[in-house]
Student: 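I have a structure here, written as structure tokens, and I will follow up with some questions on it.
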Number of protein chains: 2
Amino acid sequence: MPLLMIKDLPRYECLLEAAKEFPDLDPSATEVFLHLLRTGDEAFRVVEAHLASHDITQGGFGVLMALWGNCRRGGGAALSPAELAGRTGVTRATMTGLVDTLERAGLVLRAPDPHDRRMMTVSITPRGEKRLRNILPDHFRQMAWLMAPLSENERRTLVRLFSKLLRRTAEDGGRSASEAVAAAR
Amino acid sequence: MPLLMIKDLPRYECLLEAAKEFPDLDPSATEVFLHLLRTGDEAFRVVEAHLASHDITQGGFGVLMALWGNCRRGGGAALSPAELAGRTGVTRATMTGLVDTLERAGLVLRAPDPHDRRMMTVSITPRGEKRLRNILPDHFRQMAWLMAPLSENERRTLVRLFSKLLRRTAEDGGRSASEAVAAAR
DNA sequence: CTATTCTGGTTAGCCTCCTAACTATCCGCC
DNA sequence: GGCGGATAGTTAGGAGGCTAACCAGAATAG
């Protein structure tokens, strides 16, 4: 999510002033929105840099985690590309490319599904699992380091507020947020 | 920031269990981290979709906002690509491509700098400004809609906690977070 | 049992983003 | 005044993301 808007977040007074010209501008909403995107982006870049030092991308890491997690919780050792795409929030076409890359690196294996000849199964290789176990401890430490400034109470608060926002984006099923905004006029 | 980890955030009990195997895993830190990335991603996608309906990308929008904002606050009507790259948090190489696209669409104009022949100046065209004024009201409404579930108090809290996290990622100047993590072992 | 429709994976083409290298220009220093 | 280092913009090459279109196989309708 690089390049969200501007790197230096505007001061609140600037937002108040801009709101005079744009009556639709809600200063506090804008401020928290910009902070959210900026903070998410920063956190994302930190872990992305860490993963890059282990020669793996965010996308590849997500796929490996999905496979490994599924395996560990007894869901079977393999998943179809469509299932992986659904779990990682990416299109099937993108998943093809990700699995290509991972397969080239020997971290993952593609095999035809014996029951349905349209389907493939993707499974993590021992090498992929080893790579993952190599990355994870640092990865966890990094998340802990990033969140260290927050007390347990503050963390609970954040999760609660995030959940509120996630319900917002998830709500109104087929109706997109744009439509909802348009309808509110 | 698409594909951050997994679409369905793990339940807290799962994190507690995983922490038994990985002593470095801080369950509450992991939980808030995942929620942060997920929420940021959702919010990002919402506005991205809205901007796409106006035939503009996040990157292009950021550039236009930087130019327009700079102009409005009396900083002059034009900025150099390097300056734009700095403000939007993108590399100079990326900015070349973004300005290319915007120039093709007639929203922006490139001109040589009269004082320094290495430099270019990028300025927003009337058409670009018109496009922006066309987008902004909906854009502001969208941010307000997304943040509507939060009270003013909750918004203040969020901004305060985000600021804490931003200080964390910005701190330790040259030293990267990875190194800090490594040093903490 | 055939025809239509649906579904899974891939391909093609585009955009954004990156790093690394290159070119042109400016600047400071001897 | 000229030479080396810094700086601005671009180019080249790669990866990830998307949509749209395609093809093979499966499911369903009649």
Student: Find the distance B:Leu84:CG to C:dC17:P and express it as a whole number of Å.
Tutor: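 My rounded result for the distance is 13 Å.
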
Student: What integer distance in Å separates A:Met95:CE from C:dG8:P?
Tutor: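 Those two atoms, CE and P, are 14 Å apart.
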
Student: What's the separation between atom CG in A:Asp26 and atom CD in B:Gln142, rounded to the nearest 0.5 Å?
Tutor: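 The CD atom of B:Gln142 is 13.5 Å from CG of A:Asp26, to the nearest 0.5 Å.
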
Student: Would B:Phe61 and B:His139 count as a close aromatic pair, with their ring centres under 6.0 Å?
Tutor: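 Close enough - the centres of the two rings lie under 6.0 Å apart.
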
Student: Rounded to the nearest angstrom, tell me the gap between atom CG in A:Leu51 and atom P in D:dG16.
Tutor: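 My rounded result for the distance is 13 Å.
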
Student: Give the rounded distance in Å between these two atoms: CZ of B:Arg45 and P of D:dG17.
Tutor: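 The answer, rounded to whole Å, is 9 Å.
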
Student: Nearest heavy-atom pair of A:His54 and A:Asn134: which atoms, and what distance?
Tutor: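 Closest approach of A:His54 to A:Asn134, heavy atoms only: CE1-O, 3.9 Å.
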
Student: Can you tell whether the side chains of B:Arg155 and B:Glu152 come within less than 4.0 Å, N to carboxylate O?
Tutor: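 Yes, this pair counts.
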
Student: Could you tell me how far apart B:Arg104 (CZ) and C:dC14 (C1') are, to the nearest whole angstrom?
Tutor: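 Interatomic distance, CZ of B:Arg104 to C1' of C:dC14: 11 Å.
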
Student: Rounded to whole angstroms, how far apart are CZ on B:Arg110 and P on D:dA8?
Tutor: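 Interatomic distance, CZ of B:Arg110 to P of D:dA8: 16 Å.
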
Student: How far does the helix from C:dC1-D:dG30 to C:dC30-D:dG1 bend, going by the axes of its first and last five pairs, to the nearest 10°?
Tutor: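 That helix gives 10° between its end axes.
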
Student: At what distance, to the nearest 0.5 angstrom, does OG1 of B:Thr169 lie from CG of A:Leu146?
Tutor: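 B:Thr169 atom OG1 to A:Leu146 atom CG measures 7.5 Å (nearest 0.5 Å).
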
Student: Please report the shortest heavy-atom distance between A:Leu166 and B:His35, naming the atom on each side.
Tutor: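 What the structure gives for the nearest pair is CD1-CD2, 4.1 Å.
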
Student: One character per nucleotide, please: for nucleotides 20-26 of chain D, 5' to 3', B when the base has a protein heavy atom closer than 4.0 Å, S when only the sugar-phosphate does, - otherwise.
Tutor: B---BBS

Student: Roughly how many Å is it from CE in B:Met119 to P in C:dC26, rounded to a whole number?
Tutor: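 Rounded to the whole Å, the gap is 9 Å.
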
Student: Taking only the side-chain nitrogens and oxygens of B:Thr94, find out if one of them lies under 4.0 Å from OP1 or OP2 of C:dC18.
Tutor: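 Yes, within the criterion.
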
Student: Take atom CG of B:Asp113 and atom C1' of C:dC26, then tell me their distance rounded to the nearest Å.
Tutor: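 Rounded to the whole Å, the gap is 12 Å.
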
Student: Could you check which of C:dG9, C:dC18, D:dA8 has an atom nearest any side-chain atom of B:Thr91?
Tutor: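 Taking heavy atoms from C-beta onward, the closest nucleotide is C:dC18.
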
Student: Looking at every heavy atom in both A:Leu64 and A:Leu132, which two are closest together, and how far apart are they?
Tutor: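 Scanning both residues completely, I find the closest heavy atoms to be O-CD2, 3.8 Å.
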
Student: C:dT16, OP1 or OP2 - any side-chain N/O from B:Thr57 closer than 4.0 Å?
Tutor: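 Yes.
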
Student: Do A:Asp100 and A:Arg104 sit within salt-bridge range, that is, some charged N less than 4.0 Å from a carboxylate O?
Tutor: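 No, A:Asp100 and A:Arg104 are not salt-bridged.
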
Student: If the cut-off is 4.0 Å, is B:Thr101 near the phosphate of C:dT16, judged by side-chain N/O to OP1 or OP2?
Tutor: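 True: B:Thr101 side-chain N/O within range (under 4.0 Å) of C:dT16 OP1/OP2.
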
Student: Would you confirm whether A:Arg168, through its side chain, and B:Trp145, through its main-chain N or O, come within 3.5 Å as a donor-acceptor pair?
Tutor: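 Present.
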
